[in-house]
Amino acid sequence: MTGTFNALKVTDNVYWVGAIDFAVRDFHGYLTSRGTTYNAYLVTGEKVALIDTVKAGFADEMLARIASVTDPRKIDVIVSNHAEPDHSGSLTETIAACEPEKVYASKKGCQALRAHYGLDGVLTAVEDGQTLSLGNLDLTCVETPMCHWPDSMVTYLHEDELLFSQDIFGMHLATYEMFDDLVDESVMDHEAAKYYANILLPLSAFVTKALRRVEELDISLKIIAPDHGPIWRDDPAKIVRSYVRWATQPRVNKAIVVYDTMWKSTERMARAIGEGLASGGAHTRLMPMSSCHRSDVATELMDAGALVVGAPTLNAQMFPTVADVLTYVKGLRPRGLIGAAFGSYGWGARASKQIGDMLETMQVELVAEPLEVNYVPGTEALKRCYELGRTIAAKLRDKFGHSPSA
Ligand code: FEO
């Protein structure tokens, strides 16, 4: 592989030496529509450090990129900011190839790396706030627990004012254009929001703590180098501002209607509810689970004020695609939503009640009793659906005003 993969210069002291995965589409349940990158960074001080590694199967690519700068055996230390296998899956292979003196990780990182790979002697725990000297360069490690795993930490390179931020500030986007000023801004905005919605939303309190912790260091941030997606060198403050905002889960006058259908009855109900919502002024999006992915629902939920969910009853249960998306978004713990449940049934109305119960456990404020229709909705039933949409729209207006924009 040497000779076909090159490192990318970030600063005079830092090279990106990661791997680009154009093929991956499933990231533990998250649809990575644009693939991803596993970012690793080479810091070439008097001593040489490798920050994080790549997913199993991509070690050759990373080692070849390293070799375009220096002999991999010149690496003195590896810093593992995060033990999840997308960043550590090739660690054993990398240690064998580079023979570093030490692999640094947080205490919990060492535990996780031992549990995953049986590593021991080479592992060294760093204290929160500890500075590692590369001779002429200093790296300070700061723990950011639960951003994304208990072991997570970030590492700051003082001389370059550069933060290796592991999962934080990342996005799933496979690209050769590895800097924020080289990628279409709308693509960056969407993928960064999708990443936050699907990975960090339930950990927002920890994100806030991590941001505060970095702020307390009183350092300037010229560059943010995350473990996924482009490096923020043009406007790193932009993504920090977005995280500060997203962590508060700001909501707007917007409703999403998530549903699936067997014989189009629940779909007719969804469409009538959608018409009611839209006519009441709510920015409205219908999301049939036959053609939408759960991670896109999570993304839309980042700023929606209302979550309306419908399913037909199948074998006394809500339709399974709707159970799937509800289970997924419940785990992401969106807060401050209003909502409602609906669905058609044949000989036993169960789904809409089950959905309503699930929404309540998610602390969604229900604006109406579950709306049920036997078999096929007629004119009267559709009128009730439309009115439910109007009722939700009125409530959204009361809470968030007329504008659908944040
Ligand atoms: Fe990109 Fe939590 O791993």
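Note that the coordinates shown come from a computational prediction; the quantities given were computed from them, not determined experimentally. Order of appearance sets the numbers: ligands from 1, and atoms from 1 within every ligand. The first residue in the sequence is number 1, and the count goes up from there.
- To the nearest 0.5 angstrom, S33 atom OG is 11.0 Å from H172 atom NE2.
- Between K108 and E143, no side-chain nitrogen of the basic residue sits less than 4.0 Å from a carboxylate oxygen of the acidic one, so the salt-bridge criterion is not met.
- Residues E216 and R212 are not paired through a salt bridge, judged by the lack of any N-O separation under 4.0 Å between the basic side chain and the carboxylate.
- Sorted by first and then second residue, the salt bridge (Lys or Arg N to Asp or Glu O under 4.0 Å) pairs with a member in residues 71-97 read R73-E99; sequence neighbours excluded.
- Take the N/O/S atoms of H228: the one nearest atom 1 (Fe) of ligand 1 is NE2.
- Each salt bridge (Lys or Arg N to Asp or Glu O under 4.0 Å) pair with one or both residues in residues 113-137, not counting sequence neighbours, appears once here: K107-E127, R114-D120, D128-R213.
- Take atom 2 (Fe) of ligand 1 and draw a sphere of radius 2.8 Å; the protein N/O/S atoms inside it number 4.
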Atom pairs and distances, donor-acceptor, side-chain atoms in residues 330-338, under 3.5 Å, two or more places apart:
unit_1	atom_1	unit_2	atom_2	d
R333	NH1	P202	O	3.4

